[in-house]
Structure formats: structure tokens, C-alpha cells
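Each chain gets a letter, A, B and so on, in the order the sequences are listed, and its residues count up from 1. All values reported here derive from a predicted model rather than from experimental measurement.
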Number of protein chains: 2
Amino acid sequence: MNPAQPTVFVVDDDTSFLTAIARLLKAGGYAFQGFASATEFLAHPPGDQPGCIIVDLHMPGPSGLDLQDALAAVDHPLPLIFLTGHGDIPTSVHAIKQGAEDFLTKPVKGKILFAAIERALARDARQRAQRTRRRELLDRFDALTSREREVLGHVVRGQLNKQIAGNLDVSERTIKAHRASIMAKLQVQSVAELVRLTEKAGVLEQGAGGRQALQGEAPGHAVPGRAQDALPPR
Amino acid sequence: MNPAQPTVFVVDDDTSFLTAIARLLKAGGYAFQGFASATEFLAHPPGDQPGCIIVDLHMPGPSGLDLQDALAAVDHPLPLIFLTGHGDIPTSVHAIKQGAEDFLTKPVKGKILFAAIERALARDARQRAQRTRRRELLDRFDALTSREREVLGHVVRGQLNKQIAGNLDVSERTIKAHRASIMAKLQVQSVAELVRLTEKAGVLEQGAGGRQALQGEAPGHAVPGRAQDALPPR
DNA sequence: CAGCGTACTGCACCAAAGGACAATAGCCGG
DNA sequence: CCGGCTATTGTCCTTTGGTGCAGTACGCTG
């Protein structure tokens with residue numbers, strides 16, 4: 001199973017359906033993996049491979065929504081497509097609000113299903129790229145020592161070496177040393193880059209309570225959304 | 001009609017329903033305004049007042065979805081709640097994906113409706129605050145001259161005065177003058193603040209094609225979403 | 001035309017940042 | 001116990017950044 005090949009995971013208690021959709025998906029060029037229940041899926045969670053999940057709503061044991069909750073609870077990033085024979089509007093609304101890629105009803109037209117799968121896979125690829133970028137950024141920050149992070153915090157808030165030195169009660173020369181080390185480790189040449197990097201990484205919200213960082217991709221769906229008005233030339 | 005008082009706009013061709021919900025809403029403490037069709041609503045678009053819209057799906061003339069599209073096309077920010085007697089799953093999924101706050105079915109329990117309204121109003125308030133902040137930022141940038149914006153672009157990319165001077169083919173002293181002016185107009189004391197401000201405002205993506213800026217609020221719905229992993233202390 | 005804002009520039013001076021070279025001290029794993 | 005990493009600091013020098021003061025030039029507006 002090539003890890004670069006997206007896999008469609010299907011969770012459905014109807015084994016005959018599982019067989020049928022397996023054939024359909026393989027014919028469509030997708031790798032397929034079936035599960036008879038949400039429990040079974042959660043017991044053998046796919047690793048980091050790209051793909052998406054198609055899940056039935058009503059199943060013995062945990063329902064499709066339960067699976068969605070469980071996956072969200074462990075931050076499992078695979079996009080979810082609901083595919084059910086007995087859905088209702090409130091349920092579909094709830095599922096979509098919770099971030100499901102789609103909510104389809106059986107019987108489903110192959111074209112509709114494939115379109116949903118393509119959207120889900122595209123979304124997965126986007127999120128995957130996003131995570132990779134973020135991970136690379138965080139790795140760079142990991143190389144910083146705790147003291148360096150502390151100094152960084154003051155630097156990106158625009159404080160002068162002198163002020164930082166005063167705050168941390170050390171010599172200005174020491175701050176310069178830390179700064180140099182920070183710039184080297186983060187591979188930036190200017191304060192401007194430094195600030196942008198820390199902003200993008202969402203690191204160092206060292207405020208009291210819990211820390212928040214940027215969210216990878218907005219949890220929602222891509223509505224058409226016009227570009228915000230930018231500055232018109234004067 | 002107090003502009004600070006949120007208004008619930010209801011678009012429904014059923015006048016008896018309109019009357020009934022008007023009573024219900026007023027009893028619930030909301031300002032109410034009714035419209036018999038999407039066309040009528042679009043002909044008298046509410047100004048900037050806070051509120052939300054409750055809209056029927058099937059109506060003579062433009063449907064609820066058409067209204068949603070029309071509002072999106074003009075960037076009308078009021079949250080939309082669908083309330084219909086004859087909805088189906090695909091439609092509800094579509095509406096939610098397009099950013100509707102909720103999709104309810106008639107008859108609706110008062111409690112459910114009020115809950116949806118409260119969510120919609122809360123969202124509207126959030127977006128409103130966001131827009132205000134953004135507007136304030138953009139206003140500051142509007143004070144910059146075109147030349148200053150040009151210099152700003154180079155500054156936030158971390159270029160030295162000397163380099164900027166070379167690029168724009170002017171004296172370094174001139175750049176210093178522009179910088180000083182920029183800092184003053186944007187009311188910042190350091191390059192760090194400057195960078196953060198421009199990032200936040202999403203200004204100056206002066207690249208060739210269309211420009212993109214930050215989106216006010218993510219178009220989607222607030223899924224629980226755990227905070228991203230921040231840097232653990234070393 | 002006078003006044004105003006904008007762009008541009010020179011000179012001088014001071015403050016801040018950054019690099020080079022060097023050194024002391026504590027902590028930790030092998 | 002030694003080597004390596006980290007934190008700390010010093011001195012000296014160079015490069016940058018920021019500001020005050022001053023002056024020229026251009027275009028727009030009353």
C-alpha cells in the first residue's frame with residue numbers, strides 16, 4: 001500500500017455494501033480499507049497516510065457521529081463523509097457543522113460520491129501540507145533554549161536590548177548574544193522575518209492561562225467569500 | 001428602533017406564519033422585521049444594524065438559497081437561519097456549507113429557535129467586532145501615502161534602509177524620512193509592532209494577481225477544536 | 001500667486017544593533 | 001573527571017537606525 005496513494009476508509013456494518021463499495025472504489029482508482037464498525041476502525045486507526053473516511057450513520061455500537069466525536073477528540077485529521085440510508089436534517093446539519101466534508105444518502109450516485117471523495121482528499125492534502133509547514137516551523141523553535149525563547153518574546157514585542165536586559169536583569173551584552181543565537185537557529189536575517197515567523201508559528205503566547213495558537217485550516221467549509229477590501233492606491 | 005438592539009429579520013411568504021413568529025419574537029425580547037419575499041428583503045436591505053435573518057426555503061420568486069447567494073454576493077454579513085417545512089438533506093447540507101448558522105424545520109420548538117437565534121446573534125456580534133477592528137486598522141493604513149506604502153513593503157520584508165534606497169533609487173536619508181512618517185502614522189514604536197500590524201491588517205499583498213487578505217471570521221462553524229500544540233518548555 | 005503637502009536630500013550626532021575575540025561558571029552525560 | 005552546551009559578561013569597532021535642522025522641487029488648491 002503506497003503511502004502516497006490516498007486511501008478511502010469505509011466504516012459500515014453492512015458487509016455486502018462494504019463489498020460493493022470496495023469494488024466501486026477500486027475501479028475508481030482508490031485504495032480501499034473497510035471496517036465493520038466504528039469500534040473496529042478506532043482499534044486500527046490508520047497512521048498518517050492521506051485519505052478520507054466514509055462512514056455510515058447507524059451501526060451497532062458507536063454511531064457515525066460518535067466516531068466523528070472520537071476522531072475529533074484525538075485530533076484525527078482525516079476528512080469524514082457521512083453516507084447513510086436513514087439520515088435526517090438535524091443530524092446532517094450537526095455533522096456538517098462539526099466539520100464533516102459531506103453528508104450523503106444511500107443509494108448514492110457514483111458521480112456524487114466520487115465528487116465528495118475528491119473534495120475530501122483535496123481538503124486532506126491541504127491540511128496535510130499545512131501541518132507539514134507548521135511542523136517545520138515548530139521544529140525550528142524547538143531548537144531554541146528556554147532562555148532564548150524568553151528573550152525572543154521580548155524582541156518580537158519590540159523591546160530594545162537595553163530594556164530586555166533590564167527586565168531579565170542581565171547585561172545588554174547577554175541579550176545580544178541570545179539574539180544572535182536566535183536569529184541563527186531560526187534562520188532569519190532581520191527582526192521583521194523573526195516577527196513574521198513567530199506570528200506564523202503561533203508560538204510564545206506565554207500568557208497566564210491556556211495558550212492558543214493558529215488553527216491549521218479553518219474548521220469550516222470554503223464558502224465563495226470575496227477577498228477583503230485591500231488598500232486602494234491613493 | 002434602537003440600533004444597538006439586535007433585530008431578527010424574517011423572510012417568509014406565509015403571512016400568518018410571519019404574524020405568529022412576530023409575536024413570538026417580540027415576546028422573546030427581540031426586535032422584529034418581516035418580509036414576504038426575498039426580493040422584498042433585498043429591496044430594503046437593513047443597514048449596519050446587528051441582528052440575524054430567518055428565511056424560508058421555498059417561496060414565490062427567489063428561494064432561501066437564492067437569498068443566501070445574493071447576500072453573499074454583496075458581502076452582507078448577517079447570519080442566516082433557514083426555517084422551512086419542506087427541506088431535504090442535500091439542501092440543508094448545502095446551506096450549512098455555505099455558512100448558514102442553522103437549518104431548522106417547521107414546526108420548530110421555541111426553545112430550538114431561540115437557541116439558534118442566540119447563536120446567530122452571538123456570531124454577528126463577533127463578526128461585527130472583528131470588522132470594526134479591521135476597519136480601524138485599515139483606516140490607519142489609509143493615512144499612508146503611496147510612496148510610504150511602498151517603503152513599508154520593503155521594511156516589513158526586513159530590508160535595510162540602504163537596500164530600500166537602492167531599490168527605489170533614492171537616498172538613504174529619504175527612506176529614513178519615510179520610515180519615520182510611517183511609524184508616526186501607524187502609531188507604532190518598533191519594527192516588530194509594524195510587522196505585526198501589517199500582518200494583522202493583511203495589507204500590502206501587492207503581488208501581481210488578485211490580492212488576498214485575512215478573512216474576518218472563518219466562514220465555517222466553531223467546532224470544538226483543541227488548541228494546537230505550542231512549544232513545551234524545554 | 002501663496003500656501004500646503006509630498007518627495008527628496010545633505011550634514012551632523014547619538015543611540016542601538018551586531019560581529020569579533022575572549023573569558024568565567026554551572027550542569028550533565030559518558 | 002572531562003568535554004560540550006548554556007548562560008553570562010567584557011571590550012572594541014562597525015554598521016544601522018533615528019532625529020534635528022535645513023533646503024529644493026513639484027503639483028494642487030483657494
Open item on the list: With a cut-off of less than 4.0 Å, is there a side-chain N or O of A:His178 near OP1 or OP2 of D:dT6?
Closed with: no

- [ ] Take atom CD1 of A:Ile182 and atom C1' of D:dT6, then tell me their distance rounded to the nearest Å.
- [x] 13 Å

Task: Min side-chain heavy-atom separation B:Met183-B:Gln189 under 4.5 Å - done: no

TODO: Measure from the side-chain N and O atoms of A:Thr132 to the backbone N and O of A:Arg128, and report whether any donor-acceptor pair falls under 3.5 Å.
DONE: yes

Open item on the list: Let me check the geometry of the helix from C:dC1-D:dG30 to C:dG30-D:dC1. What is the bend angle between the axes at its two ends, five pairs each, to 10°?
Closed with: 40°

TODO: Rounded to the nearest angstrom, tell me the gap between atom CG in A:Leu144 and atom P in D:dA7.
DONE: 10 Å

Tabulate atom names and distances for all N/O pairs under 3.5 angstrom spanning the protein and nucleotides 24-29 of chain D.
none

Task: Nucleotide D:dG18, atom P - distance to CD1 of B:Ile175 in whole Å - done: 12 Å

TODO: Give the B/S/- string for nucleotides 11-30 of chain C, one per nucleotide from 5' to 3', where a protein heavy atom under 4.0 Å of the base yields B, of only the sugar-phosphate yields S, and otherwise -.
DONE: B----SBB-BB---------

Open item on the list: For A:Glu148, give me all partners under salt bridge (charged side-chain N to carboxylate O under 4.0 Å, His left out), at least two apart in sequence or on another chain.
Closed with: A:Lys185

Open item on the list: Rounded to whole Å, please give me the gap between NE2 in B:His154 and C1' in D:dG17.
Closed with: 18 Å

Open item on the list: Run the side-chain hydrogen bond (donor to acceptor under 3.5 Å, both in side chains) test against A:Arg147 and tell me which residues pass, sequence neighbours left out.
Closed with: A:Glu150

- [ ] For D:dG10, take OP1 and OP2 only and decide whether either is under 4.0 Å from a side-chain N or O of A:Ser171.
- [x] yes

TODO: Please identify each residue that fulfils side-chain contact (heavy atoms from CB on, under 4.5 Å) with A:Pro46, with sequence neighbours left out.
DONE: A:Phe9, A:Phe41, A:Gln49, A:His76, A:Leu78

Task: OP1 or OP2 of C:dT9 under 4.0 Å from side-chain N/O of B:Thr174 - done: yes

- [ ] Please name all residues satisfying salt bridge (charged side-chain N to carboxylate O under 4.0 Å, His left out) with B:Asp169, sequence neighbours left out, ordered by chain then number.
- [x] none

Open item on the list: Please enumerate all residues that pass side-chain hydrogen bond (donor to acceptor under 3.5 Å, both in side chains) together with A:Gln163, with sequence neighbours excluded.
Closed with: none

Open item on the list: Test of understanding: with side-chain hydrogen bond (donor to acceptor under 3.5 Å, both in side chains), list the residues that count as partners of B:Thr174, not counting sequence neighbours.
Closed with: none

Open item on the list: Taking only side-chain N and O atoms of A:Thr145, does any of them lie within less than 4.0 angstrom of OP1 or OP2 on D:dA7?
Closed with: yes

TODO: Sequence neighbours left out, what passes side-chain hydrogen bond (donor to acceptor under 3.5 Å, both in side chains) with A:Arg196? Give chain and number order.
DONE: none

- [ ] Using side-chain contact (heavy atoms from CB on, under 4.5 Å) as the criterion, list what pairs up with B:Arg140, not counting sequence neighbours.
- [x] B:Leu137, B:Leu186, B:Gln187, B:Leu197

Task: B:Leu168 CG - C:dA7 P separation (whole Å) - done: 12 Å

Open item on the list: If the condition is side-chain contact (heavy atoms from CB on, under 4.5 Å), which residues does B:Asp69 pass it with, not counting sequence neighbours?
Closed with: none

